[in-house]
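Please read the structure below before turning to the comments.
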Amino acid sequence: MGKSIVFVGGGQMAEAFIKGLLQSQEATPDTIYVVEPDPLRRSHLETLFHVTTAEPGAPLPAAAQTVILAVKPQVMGGVLADLKDQLTDRLVITVAAGLPLSFYASYVGDQVPVIRVMPNIATLVLAGASVLCRNQQVTDEQLAEAEKLFDSVGTTTVVEERLMDAVTGLSGSGPAFLLTFIEGLMDGGIKVGLDQRTARQLAIQTVFGTALLAQVSGEHPAELRARVTSPGGTAISGLQTMEEAGFRGTVMVAVEAAVKRSKELGGS
Ligand SMILES: NC(=O)C1=CN([C@@H]2O[C@H](COP(=O)(O)OP(=O)(O)OC[C@H]3O[C@@H](n4cnc5c(N)ncnc54)[C@H](OP(=O)(O)O)[C@@H]3O)[C@@H](O)[C@H]2O)C=CC1
Ligand SMILES: O=C(O)[C@@H]1CCC=N1
């Protein structure tokens, strides 16, 4: 990309992006500027990535054409109220859950190009799943530029805005569900006598390898699962317990609950 980028908010998501952008060489430290109130976070990011940081209130660098808003939805209104005059000539990219494009227009007007993104935490290891939508002011060139940015840290999908809450429930919140599943696998292993280190390694590699298999094969998960499930074997015994406990339904309801919360955060 080569042009400078401002991150407003230097928390978990900003850190994931900065790491990904630097690792993929899509940006260099001198092109990244982070606005963050917490001095410990600022110093953490400076030490780790050699980027420039500042407290909120300092003017944003004039050369930065792209501003990535990475603060919590609950504080976004205040951030936009403070920055609105500095956002008019830039491309605004927001990663906040829930907030619709109209929310940004209510602060900065409807002439500012805004791209709404739902990334996920796997961006940290260049394996994120980002989903984008745009307002009418975003040109095809700006969208392509944003896609390139997010492609550098994983996959990018462009959707209509009406689907953003749905993807927030699935790919945005999904890592939390999967990590809980990994914990469950680990605890199961520990319960039957494995040490923690072995249980962790096996749980993670099993989830990783299975996801890779599902991706590479292109087969429906049910077809792959049938291959692991020998008649009268071990897997079918475990699967029966999962079905009896309503595991699949619980996962579905978890996605739905996250979607509901995304809608609430967006005010609907
Ligand atoms: N974490 C995730 O997996 C995902 C998060 N998101 C979205 O990304 C956004 C950021 O989330 P996440 O990184 O997890 O949150 P964090 O709380 O880790 O990061 C937000 C940062 O913004 C800082 N901040 C608060 N007020 C201001 C301000 N006025 N100006 C600049 N920075 C400010 C906070 O500082 P302080 O803590 O001192 O208040 C904090 O360091 C959210 O909107 C979330 O919905 C989207 C997808 C996945
Ligand atoms: O929990 C959250 O609100 C953020 C958005 C998606 C994942 N984490």
Side-chain angles (χ1 to χ4, degrees), residues 5-21 32-46 48-49 51-61 64 67-87 92-101 103-104 107 114-133 149-150 153-157 159 163-180 254-267:
I5 302 172
V6 173
F7 283 86
V8 178
Q12 297 309 310
M13 214 54 234
E15 180 169 339
F17 270 115
I18 294 168
K19 185 171 181 198
L21 291 173
I32 295 178
Y33 182 90
V34 186
V35 179
E36 163 61 44
D38 180 352
L40 290 176
R41 284 296 303 168
R42 287 201 302 275
S43 122
H44 169 75
L45 295 171
E46 282 173 12
L48 204 59
F49 302 126
V51 296
T52 306
T53 70
E55 286 179 65
L60 303 184
V67 175
I68 300 185
L69 301 173
V71 295
K72 293 286 187 202
Q74 292 86 343
V75 302
M76 188 64 85
V79 166
L80 288 169
D82 289 346
L83 289 178
K84 62 179 191 297
D85 294 337
Q86 298 189 67
L87 297 177
V92 174
I93 297 180
T94 171
V95 298
L99 303 177
L101 290 166
F103 178 86
Y104 300 90
Y107 287 89
V114 182
I115 296 179
R116 181 178 163 194
V117 185
M118 180 42 55
N120 72 17
I121 197 71
T123 298
L124 203 50
V125 289
L126 307 186
S130 299
V131 184
L132 280 61
C133 70
L149 194 68
F150 288 94
V153 292
T155 64
T156 311
T157 308
V159 299
L163 295 174
M164 288 303 281
D165 292 315
V167 303
T168 302
L170 199 168
S171 52
S173 310
F177 310 149
L178 279 163
L179 288 162
T180 305
V255 173
E256 272 188 309
V259 172
K260 181 167 171 278
R261 182 63 186 142
S262 175
K263 287 183 174 156
E264 284 167 7
L265 287 169

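Read the numbers this way: they start at 1 and go in the same order the structure lists the ligands and their atoms.
Interface of D38 with ligand 1, defined as ligand atoms under 4.0 Å from a residue heavy atom, comprises 38 (O). Near G172, meaning under 4.0 Å from one of its heavy atoms, ligand 2 places the atoms 6 (C), 7 (C). Residue-ligand proximity, V79 to ligand 1, at heavy-atom distances under 4.0 Å covers atoms 28 (C), 29 (N).
Distances from atom 13 (O) of ligand 1 to the heavy atoms of R41, M13, R42 put M13 nearest. Distances from atom 19 (O) of ligand 1 to the heavy atoms of P73, S130, G9, G11 show the closest one on G11. Between atom 34 (C) of ligand 1 and the options E36, H44, Q74, M118, the minimum heavy-atom separation is to E36. Between the choices A70, A96, P175, the shortest heavy-atom distance to atom 20 (C) of ligand 1 belongs to A70. With G10, A97, P119, S262 as candidates, the residue nearest to atom 47 (C) of ligand 1 on a non-hydrogen basis is P119.
When distances from atom 6 (C) of ligand 2 to the protein are checked, a heavy atom turns up under 4.0 Å. Of the protein's heavy atoms, none falls inside 4.0 Å of atom 2 (C) of ligand 2.
Remark: side-chain polar atoms of S173 are paired, donor with acceptor, to backbone N or O of T168 under 3.5 angstrom.
Between E36 and T53, the side chains place no donor N or O within less than 3.5 Å of an acceptor N or O (distance only, hydrogens not considered).
Nearest protein heavy-atom contact of atom 25 (C) of ligand 1 is P37 CG, 3.9 Å. When hydrogens are left out, the protein atom nearest atom 17 (O) of ligand 1 is K72 CE, 3.3 Å; that is the closest non-hydrogen contact. Scanning all protein heavy atoms for the shortest distance to atom 3 (O) of ligand 1 gives I121 CB, 3.9 Å. Closest to atom 30 (N) of ligand 1 among all protein heavy atoms lies P56 CG, 3.6 Å. The protein atom (non-hydrogen) at minimum distance from atom 8 (O) of ligand 1 is V95 CG2, 3.5 Å. Among protein heavy atoms, atom 4 (C) of ligand 2 sits closest to A97 CB, 4.9 Å. Closest protein heavy atom to atom 42 (C) of ligand 1: V71 O, 3.3 Å.
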